[in-house]
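Worksheet: the structure to be examined is printed underneath.
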Amino acid sequence: MISALLGIGLAAMLIWGMENEPKPRYYHDAGDIFGTYYNIRYEAKSSICDSIQAALKAFDNSLSMFNPHSILSAVNANRDTTTDAAFEAMWAEATRVYDLSNGAFDITVGPLVNYWGFGTKKPTPDPFLKGREVDSIREFIGFEKVALVDHKVVKQDSRVQLDAGAVAKGQACDMIAAVLARQGCENYLVDIGGEVVAHGLNDKGEPWHVGITKPNLNNEGAQEELQEILAVSDVKMATSGNYRNYYYADGERRSHTIDPRTGYPVQHSVLSATVVASTCMRADAMATACMVLGAEDAMDMIRRAEDAACYLIVAQNDSLVVIKSPNWDEKLTK
Ligand code: ADP
Ligand code: MG
């Protein structure tokens with residue numbers, strides 16, 4: 001009798017507990033980080049906002065060029081500092097993509113990025129001095145001029161600077177995705193400045209919809225159009241484009257992708273490169289590498305990488321042409 005009563009009591013407690021347990025719902029967290037925006041959507045029983053903020057802050061303290069107290073800023077200022085796990089993961093990937101791209105992707109490109117006006121300073125290249133100035137800066141550009149030894153960056157030349165701008169957004173996406181996964185989230189979309197990690201389904205129970213922007217060279221300020229909308233449930237993807245961050249000077253169009261091998265902003269027909277890879281950090285670095293390499297060499301690099309696929313938008317006789325690597329569709333749905 002007593003045990004039956006206990007059983008009923010226990011069942012009632014369980015039902016009461018279930019009713020009071022919060023139901024999962026979709027949360028949205030948005031803000032600014034290292035000079036760009038973030039938009040994070042996820043399904044959870046309660047907000048994970050605090051963990052996300054803490055992770056973004058830790059990441060900013062390691063790799064942000066906009067944070068004067070970050071490890072990266074200390075390395076650039078030749079202050080004594082010790083690298084952390086995020087910095088070392090960035091370094092490992094930067095090394096890999098430097099090799100894979102035959103030096104087209106190079107995180108020591110920073111001083112040239114600044115010279116051409118895409119860093120913190122405004123563009124001032126003097127057309128008469130340009131060649132000489134570029135050559136003198138190139139003396140301290142080159143990933144082979146730096147090494148990571150016992151958690152310290154060792155420079156051959158103290159003028160060498162590091163620029164993680166082409167990897168950090170993707171890496172931060174991976175890191176936030178890991179925070180969400182650790183908290184048991186199955187359904188999330190992390191978007192940091194256009195780099196994306198998507199997993200599971202959206203709040204309508206559908207795959208996440210991710211747009212690839214149509215490059216628009218002639219119509220500044222016009223509303224952005226989409227080239228394509230992808231439906232994805234498990235993807236790490238990054239886009240690099242030369243159609244947003246550029247200016248005209250001396251009759252040239254200068255974009256923020258610099259070819260470290262020449263010292264000049266790249267001038268070819270690839271307007272945007274979207275890459276999917278096994279991590280968003282890798283996709284981010286490789287998308288920038290594709291922009292530097294141009295269509296043919298980019299396809300070659302993607303083939304050699306094995307875990308990546310790409311979608312290039314190329315200008316051809318006043319129209320836009322899409323060139324996809326043969327494994328593109330397969331990698332999107334894998
Ligand atoms: P976006 O997503 O804004 O197109 P990217 O991921 O292509 O950006 O990164 C562009 C940034 O990468 C530049 O602003 C510069 O800081 C850096 N960068 C430019 N050229 C190179 C290069 N050849 N290798 C590595 N980083 C580069
Ligand atoms: Mg990039």
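Atoms within each ligand, like the ligands themselves, are counted from 1 in listed order. These figures come from a predicted structure and were not determined experimentally.
For the residue pair Gln183/Tyr42, the side-chain donor-acceptor check at 3.5 Å is not satisfied.
Nearest non-hydrogen protein atom to atom 25 (C) of ligand 1 is Asp106 O, 3.3 Å. In terms of protein heavy-atom proximity, atom 21 (C) of ligand 1 is closest to Val109 CG1, 3.6 Å. Given atom 26 (N) of ligand 1, the protein heavy atom at minimum distance is Ala166 CB, 3.6 Å. Nearest non-hydrogen protein atom to atom 5 (P) of ligand 1 is Thr288 OG1, 3.3 Å. Looking only at heavy atoms of the protein, atom 2 (O) of ligand 1 is closest to Lys169 NZ, 2.9 Å.
Within the 3.5 Å criterion, the main-chain N or O of Ile71 finds no donor-acceptor partner in the side chain of Asn61. Without hydrogens or angle criteria, Arg41 side chain to Asn202 main chain gives no donor-acceptor distance under 3.5 Å. In terms of modelled atom types and a separation under 3.5 Å, the side chain of Ser70 and the main chain of Phe66 share no donor-acceptor contact. Under the 3.5 Å distance criterion, the side-chain polar atoms of Glu195 are matched with a main-chain donor or acceptor of Thr239. Side-chain N or O atoms of Lys169 include none that pairs as donor or acceptor with a backbone N or O of Ala238 at under 3.5 Å.
Counting the atoms of ligand 1 from 1 in the order shown, those under 4.0 Å from a heavy atom of Phe105 are 24 (N), 25 (C). Within ligand 1, the atoms closer than 4.0 Å to a non-hydrogen atom of Asp284 are 6 (O), numbered from 1 in the order shown. Interface atoms of ligand 1 facing Gly165, defined by a heavy-atom separation under 4.0 Å, are 9 (O), 12 (O). Under a 4.0 Å criterion applied to the non-hydrogen atoms of Pro260, ligand 1 contributes the atoms 23 (N). Below 4.0 Å from some heavy atom of Val292 lie the following atoms of ligand 1, by number and element: 23 (N). Annotation for ligand 1: atoms under 4.0 Å from non-hydrogen atoms of Thr239 are 2 (O).
Residue Ala104 has at least one N or O atom closer than 3.5 Å to an N or O atom of ligand 1. Ligand 1 has a nitrogen or oxygen under 3.5 angstrom from a nitrogen or oxygen of Gly241. Considering both main-chain and side-chain atoms, Ile258 comes within under 3.5 Å of ligand 1 through a nitrogen or oxygen pair. Looking at Ser240 next to ligand 1, an N or O pair under 3.5 Å apart turns up. Close N/O approach between Asp163 and ligand 1 is found [any backbone or side-chain N/O within under 3.5 Å].
Among the atoms of Asp284, an N, O or S atom falls under 2.8 Å of the Mg ion (ligand 2). Under 2.8 Å from the Mg ion (ligand 2) lies an N/O/S atom of Thr288, whether from backbone or side chain.
The number of heavy-atom neighbours closer than 6.0 Å to NZ of Lys152, taken from other residues, nucleotides and ligands shown, is above 12. Atom CG of Asp150 sits in a sparse spot, with 12 or fewer heavy atoms from other residues, nucleotides or ligands closer than 6.0 Å. More than 12 heavy atoms of other residues, nucleotides or ligands lie within 6.0 Å of CD in Gln53, so this atom counts as buried by the packing criterion.
With atom 3 (O) of ligand 1 as the reference point, the heavy atom nearest to it among His256, Glu195, Met65, Arg261 is part of His256.
Evaluated for a salt bridge (charged side-chain N to carboxylate O under 4.0 Å, His left out) with Asp307, the options Arg282, Lys331, Lys236 yield exactly one hit, Arg282.
A salt bridge is absent between Lys57 and Asp60: the closest approach of a Lys/Arg side-chain nitrogen to an acidic carboxylate oxygen does not fall below 4.0 angstrom.
Aromatic ring centres of Trp91 and Tyr98 lie farther apart than the 6.0 Å criterion allows.
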